[in-house]
Number of protein chains: 2
Amino acid sequence: MFDSFKNAILSLIQTDQQELDQLISLCSFQKFRKNDFLSQPGKVPQEVFFISKGLLRVVVTDSKGVEHTIHFASENQFVADYSNFLLQQPAMYTLQALEPLEAVVMTRQAIDWGYQFMKEGDKFGRKVAEFYFVYQDNRVKNYYSRTPKERYELMESIFPQIHNRVPQHMIASYLGITPVHLSRLKKER
Amino acid sequence: MFDSFKNAILSLIQTDQQELDQLISLCSFQKFRKNDFLSQPGKVPQEVFFISKGLLRVVVTDSKGVEHTIHFASENQFVADYSNFLLQQPAMYTLQALEPLEAVVMTRQAIDWGYQFMKEGDKFGRKVAEFYFVYQDNRVKNYYSRTPKERYELMESIFPQIHNRVPQHMIASYLGITPVHLSRLKKER
DNA sequence: CCAAAGTCTAAACAAATGTTATCGTTTGGT
DNA sequence: ACCAAACGATAACATTTGTTTAGACTTTGG
């Protein structure tokens, strides 16, 4: 149940079975149905999810109530409203399962315990933060320097399978355009 | 010369004079004139800068040769092509001084030394990565959920002084619009 | 198995944003 | 102090992207 979670940790730091078991004893395992919400805006995030199976999207809702799908996350990825988890401020992101989903739930206590007591706890946190910084930095870079059409082609080359897993209007949203416009771009190509 | 650098570290972790002095012995101090480049695309970044005085911009150049100003950084901030520093890949960012600038230069060796030998080295790296993750996450969030006009007003409220320090075409670029359009938005307001 | 909801495409039109060119003004170098 | 370059505003026009609506097709749930 926690195997892929353990492997993810082991790929980033050196640890031992005892540390891992103690960490896992502070975590839980949770299943979600399609369309379920893992978390919603308003309350301060108290957990980070590690997806062992399934797919979800991260949504931000603007001041006019329009939803923007800004991330997809699937197997073997950590996901949360990590900014507001760190800042201990009310969440702004909605996390919604797009497929039946299974996730390890790391609570704030588990994470704090890891930083305090695991030999390479801080290194683990550093690696995760670095990984997601790089991810976000790429997003920013691409948003500035690529047209929607280029972003679409980039996404196609990186995620050839995503079309089969999520509706196109979410992909359009992810690309920062409307579904109608995405349809147009696909035709033009 | 290294005072603000020391304070920045002390605000994130606990350390002692000896650790700090050893770290600083691995760093250098460098001055740049206005318009000088701190780093340019192509070579693998080997340093992270800490700005003690002045202002710079971070630029990404797209496939058509168009420059996009994607960040400004000033006093008491760390700055680098951090993604490619971490990935050890050729830089994509240009760092250019917009004012006479003074910076502490942390080399890769200094940083690796810190992670290996400072008691809270990894924690420091974690805090920095977390800080910049939050910053980038905000950028992404705002880019998705705010119009250029809203981003302009947001920037005005956060950086009321930036107009006096950088030309408007760089601000327009930062907002993701053309200078002509920014001029229009300012008029409409 | 059917009805309802969701999905994709398409067309016509509207709004936002980009492009180019011009003109004063400011700035920087000598 | 002078001149060339950079800068910011503006207008006219072009292009991109959004909005609305409609229709065909698929999926879903009872």
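Just so it is clear, the structure is predicted and the values come from calculations on it, not from any experiment. Note on naming: letters A, B, ... go to the chains in the order of the sequence lines (proteins, then strands), and numbering restarts at 1 for each one.
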Q: Using only side-chain N and O atoms of Q168(B), determine if any of them is under 4.0 Å from OP1 or OP2 of dA6(D).
A: no

Round to the nearest Å and state the distance from [X] atom [atom1] to [N] atom [atom2].
| X | N | atom1 | atom2 | answer |
| --- | --- | --- | --- | --- |
| K149(A) | dT17(D) | NZ | C1' | 13 Å |
| K64(A) | dG18(D) | NZ | P | 13 Å |
| N164(A) | dC8(C) | CG | P | 11 Å |
| H181(A) | dA14(C) | NE2 | C1' | 15 Å |
| L185(B) | dT10(D) | CG | P | 12 Å |
| L182(B) | dA16(C) | CG | P | 16 Å |
| E188(B) | dA15(C) | CD | P | 13 Å |
| K187(A) | dT9(C) | NZ | C1' | 8 Å |

On DNA chain D, more 5' by nearest nucleotide between H169(B) and P179(B) is H169(B)

Answer yes or no: is there an ion pair linking [X] with [Y], defined by an N-O contact shorter than 4.0 Å?
| X | Y | value |
| --- | --- | --- |
| E75(A) | K53(A) | no |
| K119(B) | E19(B) | yes |
| R126(B) | E120(A) | no |

Note: for V180(A) and P167(A) on DNA chain C, the residue whose nearest nucleotide lies more 5' is P167(A)

Result for side-chain contact (heavy atoms from CB on, under 4.5 Å) between L95(A) and one of V58(A), V59(A), L101(A) points to V58(A)

(message) Between the base of dG8(D) and the side chain of R184(B), is there a donor and acceptor pair under 3.5 angstrom?
(response) no

Closest of dG28(C), dA11(C), dT17(D) to the K34(B) side chain is dG28(C)

